[in-house]
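Structure first, commentary second.
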2 protein chains.
Amino acid sequence: MVSKKADRSLRPPVSKKPVRSLREQITDALRSEVLAGVWTNEAPMREHALAERFGVSRGPIRDALLQLSQEGVLVYSPNKGVRVNTPPAEAERLLLQSMRREMETFCIGRCMEHLTEADDEQLEGILAELTRACERADLSAIADNDLALHRYLVRRASRELEGVWQSIASRLLMDYSRIDRLDQIVAEHEVIVRAVKKRNLKAAQKAINANII
Amino acid sequence: MVSKKADRSLRPPVSKKPVRSLREQITDALRSEVLAGVWTNEAPMREHALAERFGVSRGPIRDALLQLSQEGVLVYSPNKGVRVNTPPAEAERLLLQSMRREMETFCIGRCMEHLTEADDEQLEGILAELTRACERADLSAIADNDLALHRYLVRRASRELEGVWQSIASRLLMDYSRIDRLDQIVAEHEVIVRAVKKRNLKAAQKAINANII
DNA sequence: TCAATAATAATTGTTAACATTTTACAAAGT
DNA sequence: ACTTTGTAAAATGTTAACAATTATTATTGA
């Protein structure tokens, strides 16, 4: 699943080799699975089993589990392992929602004027992936691309804020798997991308706030 | 510095054994040092050197460095190690400040009515430590207890929110070492604790917001 | 039969060695 | 003198074995 050494001769010539570490790959894979509801919070996630599944040792697995615990996706109990976290209670959810809206409203306002056509293409690409994921009802890919679209705008505004945003967004999406209206997800993000392409700040902020629920 | 196995016979009888892991201890120690300005962001922090200093292997050190990177205290470069992060830019600082105020205003409003006299004593204890730290101008201990006081109220309101709060507060305090008016720190926190002891929500919220700068 | 306790297995915490990547430095070539 | 190239050192990334803790099962006693 996660190959340890990639064949360099097969890479595109001048591509910006990201060379993501095992920890990062595993973190992203597990996050999308948890948000998609693949794991329950009944049974703990065993390090050994995950290590075998990903074909790596327990080290990178532990790193990923610790990171996801800090992010609010998992809950860590000393000497007992990790479980899937429960969604935030109503009051906490409302607070996190307000904070996420404040953040993304700030970020789109900060990056809008610096966006280029290349950014538009990137966003269109993510939107296309999101659409395909919704068509095949692939919850894991849906969660991935939903987050990816928002994260793109946050990163474009500030790398510094990305970590804070992720920990808020992850907690808010802890019950993502309950979402049933898949077509609505696509529609809402289409509105966002359209407003961004028009460089219409007010419309974009309104669309983003409408999507954050 | 960090003993691997503690002598159980010396622990108080029915104390709630926290048994903090090496990772946690090292994380807290390094955070307070970085916030106090002990480290510069010029030279990377070497895992091997830290391992020797704490008397442990590189494993727990790596865990701590990764956690502090996620928290915004350090910056992680793949295969190159970690450095001290730079304080957020003005616009980002204002956003984080607003979010932290929103969080702590929410938290004090949520936990105020549940606070007991035992909580008051805990807060007084932290305040006393903060005062002593200011008297001897121990920036590391000052940062520790400043954070500890706020964290206490956040935890009392919601364990779920603690992680988010920490990542925001850490980023805001990245230039804590520049603070010169030490007596003002004590005064501001005295006002907070006094308002809390009186269970005066409005006054407490006002004092907290005045302290978050 | 049930509760308490001891033995056992399974799991996480930590360590040290190995692998890979990056950096520093010197030598050679233009 | 400057750039390039090759080599060695040092740092991080990963692994597997060991230690300590927790959970499970078996056993003993009333």
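Each chain gets a letter, A, B and so on, in the order the sequences are listed, and its residues count up from 1. Predicted, not measured: the structure shown is a model, and the values here were computed from it.
When rounded to the nearest whole Å, the span between CD of B:E52 and P of D:dA11 equals 11 Å. One can place CD of B:E47 at 14 Å from C1' of C:dT20, the figure rounded to the nearest angstrom. Put simply, CG on B:L22 is 11 Å from P on C:dG13, counting in whole angstrom units. Following rounding to the nearest Å, B:N79 (CG) and C:dA19 (P) show an atom-to-atom distance of 17 Å. Put simply, CD1 on B:I61 is 14 Å from C1' on C:dG13, counting in whole angstrom units. If you take OH of B:Y76 and P of D:dT12, they are 10 Å apart, rounded to a whole angstrom. Atom pair A:L50:CG and C:dT11:C1' shows a separation of 13 Å (rounding to whole Å applied). Regarding B:L65, its CG atom lies at a distance of 13 Å from the C1' atom of D:dA11, rounded to whole Å.
At a threshold of 4.0 Å, the pair B:R132-B:E129 counts as salt-bridged, since one of the basic side-chain nitrogens sits closer than that to a carboxylate oxygen.
Under the 3.5 Å distance criterion, with hydrogens and angles disregarded, no donor-acceptor pair is assigned to the side chains of B:N145 and B:H189.
Annotation: of the two residues near DNA chain D, A:R23 and A:R46, the 5′-most nearest-nucleotide partner is A:R23.
Distance from the side chain of B:V56 is smallest to C:dT15 among C:dT14, D:dG13, C:dT15. Listed candidates were D:dT12, C:dA16, C:dT11. Nearest to the side chain of B:S57 is C:dA16. Nearest to the side chain of A:P60, among D:dT14, C:dT12, D:dG13, sits D:dT14.
Taking the salt bridge (Lys or Arg N to Asp or Glu O under 4.0 Å) definition, one finds that B:R199 meets it with B:D120, sequence neighbours left out. Take A:S32 and apply the side chain to side chain contact (heavy atoms under 4.5 Å, CB included) test, not counting sequence neighbours, and it matches A:S140, A:D144. Partners of A:E124 under the salt bridge (Lys or Arg N to Asp or Glu O under 4.0 Å) rule, at least two apart in sequence or in another chain, are A:K197.
Within 4.0 Å of B:R58, counting heavy atoms only, lies at least one base atom of the nucleic acid. Using a 4.0 Å heavy-atom cutoff across all strands shown, B:G59 reaches at least one base atom of the nucleic acid.
The phosphate of C:dT21 has neither OP1 nor OP2 within less than 4.0 Å of any side-chain N or O from B:K80. When the side-chain nitrogen and oxygen atoms of B:R62 are compared with OP1 and OP2 of D:dT12, none of them lie within a distance under 4.0 Å.
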Review item, nucleotides 6-9 of chain D N/O atoms under 3.5 Å of protein N/O:
none

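Listed by first and then second residue, the salt bridge (charged side-chain N to carboxylate O under 4.0 Å, His left out) pairs that reach into residues 166-177 of chain B are A:E160-B:R171, B:D175-B:R178, sequence neighbours excluded. For residues 82-91 of chain A, the salt bridge (charged side-chain N to carboxylate O under 4.0 Å, His left out) pairs, not counting sequence neighbours, are A:E90-A:R93.
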